[in-house]
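Labels below follow one simple rule: chain letters A, B, ... track the order of the sequence lines, proteins then strands, and each chain is numbered from 1. Predicted, not measured: the structure shown is a model, and the values here were computed from it.
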Amino acid sequence: MSRTNFKEKVFAMVRRIPCGKVETYGGIAERIGHPGAARAVGNALHENTDGVRTPCHRVVSGQGRLAPMYVFGGTAEQKRRLIAEGVEVNGIRVDLKKYLWKDPSDE
DNA sequence: AAGTTGACGACGA
DNA sequence: CTCGTCGCCAACT
């Protein structure tokens, strides 16, 4: 019941991320009911070649680091998109303290 | 069915 | 702070 929907849940979560905010793989995994499945989350996003529809560039690692192997155009492209949305990207790192998306309804 | 891979996370050096 | 290893889960071969 969740196995097949796993990726679907991840995609839905990524789409829920508001502009100018970022979310971590582990955070998404935990929200969809699969804590610790951060790897599986990243794997699912890798399959998503529809970056236009799913803002996978808003998804970063737990330490605020961008994807080391971003499919579309590499970390540089992802960084570019984040900056374009108002996210301050330092090298390959973003300020999770300021840009990490938190849903007030979830808390 | 079993083994390996992969856009990760945490811990140790 | 950076690099290396083990452990996590789901998907692929």
Side-chain angles (χ1 to χ4, degrees):
Chain A
M1 129 179 177
S2 355
R3 226 69 70 90
T4 42
N5 290 322
F6 178 75
K7 292 197 294 189
E8 206 172 301
K9 290 179 183 178
V10 176
F11 275 72
M13 265 298 153
V14 177
R15 260 192 279 174
R16 259 182 83 172
I17 305 173
C19 187
K21 290 270 179 180
V22 297
E23 174 66 291
T24 64
Y25 296 98
I28 294 172
E30 201 173 316
R31 272 160 186 249
I32 64 180
H34 288 254
R39 274 187 107 146
V41 174
N43 232 341
L45 281 172
H46 192 210
E47 200 189 311
N48 166 57
T49 26
D50 327 276
V52 185
R53 183 165 153 188
T54 307
C56 47
H57 60 264
R58 287 183 197 148
V59 186
V60 300
S61 69
Q63 293 176 356
R65 304 206 307 205
L66 306 185
M69 281 222 256
Y70 194 63
V71 181
F72 291 105
T75 323
E77 187 60 47
Q78 186 178 9
K79 175 169 68 176
R80 185 186 175 104
R81 283 173 181 247
L82 289 170
I83 296 172
E85 293 188 357
V87 179
E88 203 172 337
V89 184
N90 183 356
I92 63 168
R93 283 209 188 152
V94 299
D95 225 316
L96 285 181
K97 292 169 65 93
K98 297 178 180 179
Y99 299 110
L100 178 57
W101 173 53
K102 318 157 201 101
D103 196 330
S105 302
D106 187 62
E107 294 188 72

| B:dA7 - base-pair partner by Watson-Crick or wobble geometry, distances under 3.5 Å | none
| request: Mind calculating the distance between NZ (A:K7) and C1' (B:dC8) to the nearest angstrom? | output: 17 Å
| query | Picking from B:dA7, B:dC8, C:dC9, which would you name as closest to the side chain of A:M69? | reply | B:dA7
| field | Spacing of CG belonging to A:N5 relative to CZ belonging to A:F11, to within rounding of 0.5 Å | value | 13.0 Å
| request: Would you tell me if any nitrogen or oxygen in the side chain of A:R39 comes within less than 4.0 Å of OP1 or OP2 on B:dT4? | output: no
| message | Tell me the interatomic distance from A:L96, atom CG, to B:dG9, atom P, rounded to whole angstroms. | response | 10 Å
| Closer to the 5' end of DNA chain B via nearest nucleotide, is it A:G62 or A:N43? | A:N43
| task | Check the distance between B:dA7's P and A:Y70's OH and give it to me in whole angstrom. | result | 14 Å
| message | Main chain of A:A67, side chain of A:Q78: is a donor-acceptor contact present, judged purely on distance under 3.5 Å? | response | yes
| query | Salt-bridged, A:R58 to A:E23, with N to O below 4.0 Å? | reply | no
| query | What integer distance in Å separates A:I28:CD1 from B:dG9:P? | reply | 10 Å
| Roughly, in whole Å, what's the span from CG in A:L66 to C1' in B:dC8? | 14 Å
| query | When the distance from CD of A:E47 to P of C:dA10 is rounded to whole Å, what number comes out? | reply | 15 Å
| query | With sugar-phosphate meaning primed atoms plus P, OP1 and OP2, does A:A37 contact a base, only sugar-phosphate, or nothing at under 4.0 Å between heavy atoms? | reply | sugar-phosphate
| field | For A:V22, the option from A:L66, A:V94, A:V89, A:I17 that meets side-chain contact (heavy atoms from CB on, under 4.5 Å) | value | A:V94
| message | Can you confirm whether more than 12 heavy atoms, excluding those of A:E30, are under 6.0 Å from its CD atom? | response | no
| said: Just the rounded figure in Å: distance from P of C:dC12 to NE2 of A:H46. | reply: 12 Å
| request: Have a look at A:R65 and say if it touches a base, only the backbone sugar-phosphate, or nothing, with a 4.0 Å heavy-atom cut-off. | output: nothing
| request: Check every strand shown and say whether A:A38 touches a base, only sugar-phosphate, or nothing at a heavy-atom separation below 4.0 Å. | output: sugar-phosphate
| Between C:dC9 atom C1' and A:K9 atom NZ, what is the distance in whole Å? | 14 Å
| said: Whether the side chain of A:Y25 and the base of B:dA7 hold a donor-acceptor pair under 3.5 Å is what I'd like checked. | reply: yes
